2 protein chains.
Amino acid sequence: MSQYRTFTANDAVEFARQYGQLADPQALVSADEIGDGNLNLVFKIRDRAGVSRVIVKQALPYVRCVGESWPLTLDRARIEAETLLIHGTLCPRHTVRVLHHDPVLAVMVQEDLSDHHIWRNELIKGHYYPLAVGQLAEYLAQTLFHTSDFYQAAQAKKAEVSRFTNPELCQITEDLFFTDPYHDHERNQFDDALLPQVTALRKDPALKLAVAGLKHRFLSKAEALLHGDIHSGSIFVGEGRLKAIDAEFGFYGPIGFDVGTALGNLLLNYCGLPGLLGPREAAAGREQRLQDVRELWLIFADRFLALCQQRSRDATLAMPGYAEQFLQQVWQDAVGYCGTELIRRTIGLAHVADLDSSADPEMRAECQSSALTLGRVLIVNAAQIEHVDALLARIRQHG
Amino acid sequence: MSQYRTFTANDAVEFARQYGQLADPQALVSADEIGDGNLNLVFKIRDRAGVSRVIVKQALPYVRCVGESWPLTLDRARIEAETLLIHGTLCPRHTVRVLHHDPVLAVMVQEDLSDHHIWRNELIKGHYYPLAVGQLAEYLAQTLFHTSDFYQAAQAKKAEVSRFTNPELCQITEDLFFTDPYHDHERNQFDDALLPQVTALRKDPALKLAVAGLKHRFLSKAEALLHGDIHSGSIFVGEGRLKAIDAEFGFYGPIGFDVGTALGNLLLNYCGLPGLLGPREAAAGREQRLQDVRELWLIFADRFLALCQQRSRDATLAMPGYAEQFLQQVWQDAVGYCGTELIRRTIGLAHVADLDSSADPEMRAECQSSALTLGRVLIVNAAQIEHVDALLARIRQHG
């Protein structure tokens, strides 16, 4: 049996030759480590012509961006690979293809997506991919419906809930989304300009009460096998194409969490655009993000409902009208989780370039401040924001 | 390692001698099999004087009341023993004591409770135990609070959710509570007199919609380690004493399910009393059951809130006001689950003597009919029944 060791570039090439499912494995000759995330080594494996052919990703036994002082289970590599394999069965068009994985080495070989771009970077540049939002909605509807109680047999789902128990990665979410930003914590990061607003958030009982409910539902609602971290940096786009990657946060949780994370990253871009583009481009981009938000929810809801009507296997849940009623709860959850994503990305540990990369410090502070304000409004008023047009109205008012 | 075999009376005596923690094990000489439940062998182990000293309970690999055609996992014996051990740590006064358990033999040795009585039988006879309801409330508050996210660390709780994954027994609940009574199914049992009402229930969209929500929450809300079957036949009472037994349905589910089952069994008795006692006694007993319902909820809520205030270990959930908000959801769930218990005990597979043992067929039909009516009212109107006094008003109106 293999034993864990940290891969060198040579190890990665060797592994890719063996498991990359290439017709010409010996063509692979070099590897670049390109991991820009927080948790893993990521190697691009290139052939003699310098063309990237396959990706080798290895989990490190600690949080990369913090160091060995924050150890982290390697089991997340198994969970990531197994989540992507399931999502890949349910929505092959929009899930990165896993070619091989080894749970002991915590290594996965996946398809190369060099002809795609990280969606966040494209959104920041103002590059618009007209099909992306609809494809993301389709990915969410397919993966979340088919792993929910509407479709999965109860006994099989219970076994899957155990298989995807992901305590350490969930703990990161529990801390970074629901705890740290609302307290003084060394992991938090923000400019001094935001201090008055941050201080106010921490003393806001209505906000903290609503966040408690969102955390509790994250801890206790096993509705479907979530991606668990479906932000715009976990999504590759190309012309007419979209692929979700990076599923190490996969677990059975509330469907609204995945939907809210996706919506939240569109709104982070909305808030950040004035600092990223010229005024006219930024205004057009913001208008487009609002339409993206609308489309993401409406297409997701439409596809999820259609699947409920056509493919529900639980006769009780298939009762006409129930899926609509359930989706209304998903919506309320999604609005709240969207708000927590806005806040934690602005003042917590893990920031986003949409908000932070403006060269103008005043503009940056203004963008960040609007993300905080909007996040708070969404969390506190989630129950009153009954549909997506009410959400757009709130965003226009506060964002 | 031991291998599963069905115990004879002699096996049970031998096992009790070995594991009964008695000072004089050789005094044990005989065993009576007294299992009147649906699933297990239960032996009373007696000494030479004929005194019952200890109980040996063994799970059978099938549903006893149906036969070998309905196989059932022996793992439920492990789950029962481990649930009782945890509940026994959290609330030793009101949990039957487990002296030993063997997961392979699916056998548990537990304390003898011959000086207690099954609560249901006492309620049927009109025997009142003034402390019982408060003690049951205390049992529910202690066990449910300490296994909830308010108290348990998130990582530890996730491991416990897996340990108490109980697919086959949950399936029984899923079928018998939420599916069978609302469809034509061979497992259902009811007198012809009820047929018009049963037919109406099966065509009632508002009812079936609400039942879908209750089933979905049963399938997906892992709030605390439930007893899972806390009806008045799973509870022993004596003067000033109460002990919960029979926890093979234990799993992490919605807190309102345990509370609703307990409330439901008080109301089954309320509905049945006119067929069991003379008019004046029945009227007094019914009034007492209403007070019991009130007291059960109010004491449970008070104790649960006090524990949240004093012992919450999750700083986010400890936010003042959150426990009250959460308890309101538990209440709404409990009202709904209470309604499903009323219906499934009247027309489903497993009936209760409170409703079925009246000698007068007309009176019996009337009692059963009132249980059905009340069950429906509670399920459909749960969201409008905002507190326990509103519940009592509905019961007086419909029960």
Side-chain angles (χ1 to χ4, degrees), chain A residues 148-150 152-168 170-171 173-175 177-180 182-183 205-224 251-255 314-326 329, chain B residues 148-150 152-168 170-171 173-175 177-180 182-183 205-224 251-255 314-326 329:
Chain A
S148 77
D149 293 301
F150 287 92
Q152 273 201 103
Q155 296 204 16
K157 185 196 156 206
K158 287 177 177 72
E160 291 293 89
V161 169
S162 284
R163 176 155 76 113
F164 289 100
T165 297
N166 198 354
E168 291 191 27
C170 282
Q171 176 91 54
T173 303
E174 288 148 24
D175 290 345
F177 271 73
F178 308 118
T179 310
D180 294 357
Y182 307 96
H183 295 89
L207 177 66
K208 294 176 82 163
L209 209 54
V211 170
L214 290 163
K215 180 176 184 184
H216 199 180
R217 297 201 284 286
F218 185 85
L219 287 166
S220 60
K221 254 185 170 181
E223 291 177 345
F251 80 112
Y252 273 78
I255 289 175
D314 184 295
T316 308
L317 302 195
M319 176 68 199
Y322 179 65
E324 288 82 351
Q325 190 176 301
F326 173 68
Q329 287 174 36
Chain B
S148 78
D149 293 302
F150 287 92
Q152 273 201 102
Q155 297 205 15
K157 185 194 156 206
K158 288 178 176 72
E160 291 292 89
V161 170
S162 284
R163 176 156 75 112
F164 289 100
T165 298
N166 197 355
E168 291 192 26
C170 282
Q171 176 92 53
T173 303
E174 288 148 23
D175 290 345
F177 272 74
F178 307 118
T179 311
D180 294 356
Y182 307 97
H183 296 89
L207 178 66
K208 293 175 83 163
L209 209 54
V211 169
L214 290 163
K215 181 177 184 183
H216 200 180
R217 297 201 283 287
F218 184 85
L219 287 167
S220 60
K221 253 185 171 181
E223 292 178 344
F251 81 111
Y252 273 79
I255 289 175
D314 185 293
T316 307
L317 303 195
M319 176 69 198
Y322 180 66
E324 288 83 351
Q325 189 176 301
F326 173 67
Q329 288 174 35

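Lettering of chains follows the sequences in order, A, B, ..., and the numbering in each one begins at 1. What you see is a predicted model, and the numbers here were worked out from it, not measured in a lab.
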[X] versus chain A, the contacting section by heavy-atom distance below 4.5 Å:
X        : value
B/Phe326 : side chain
B/Pro254 : neither
B/Tyr252 : neither
B/Gln155 : both

### Message
Let me confirm one number: the OG1-CD distance from B/Thr165 to A/Glu160, rounded to the nearest 0.5 Å.
### Response
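Between atom OG1 of B/Thr165 and atom CD of A/Glu160 there are 11.5 Å.
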### Query
Roughly how far, to the nearest 0.5 Å, is CG of B/Leu209 from OG1 of A/Thr316?
11.5 Å
### Task
Give the member of B/Ala154, B/Ala224, B/Gly213 that has the highest number of heavy-atom pairs under 4.5 Å with chain A.
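Of the candidates given, the most pairs with chain A belong to B/Gly213.
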#### Entry: Presence of salt bridge, A/Lys158 and B/Glu174, under 4.0 angstrom
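Yes, this pair counts.
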### Task
Start with the C-alpha gap between A/Met319 and B/Val211, add the side-chain angles, then the distance that decides, and say whether side-chain contact (heavy atoms from CB on, under 4.5 Å) holds.
CA-CA 9 Å; A/Met319 176 68 199; B/Val211 169; over 6 Å; no
### Query
Where along residues 216-223 of chain B does a heavy atom come under 4.5 Å of chain A, listed by residue number?
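Listed by number, the contacting residues are B/His216, B/Leu219, B/Ser220, B/Lys221, B/Ala222, B/Glu223.
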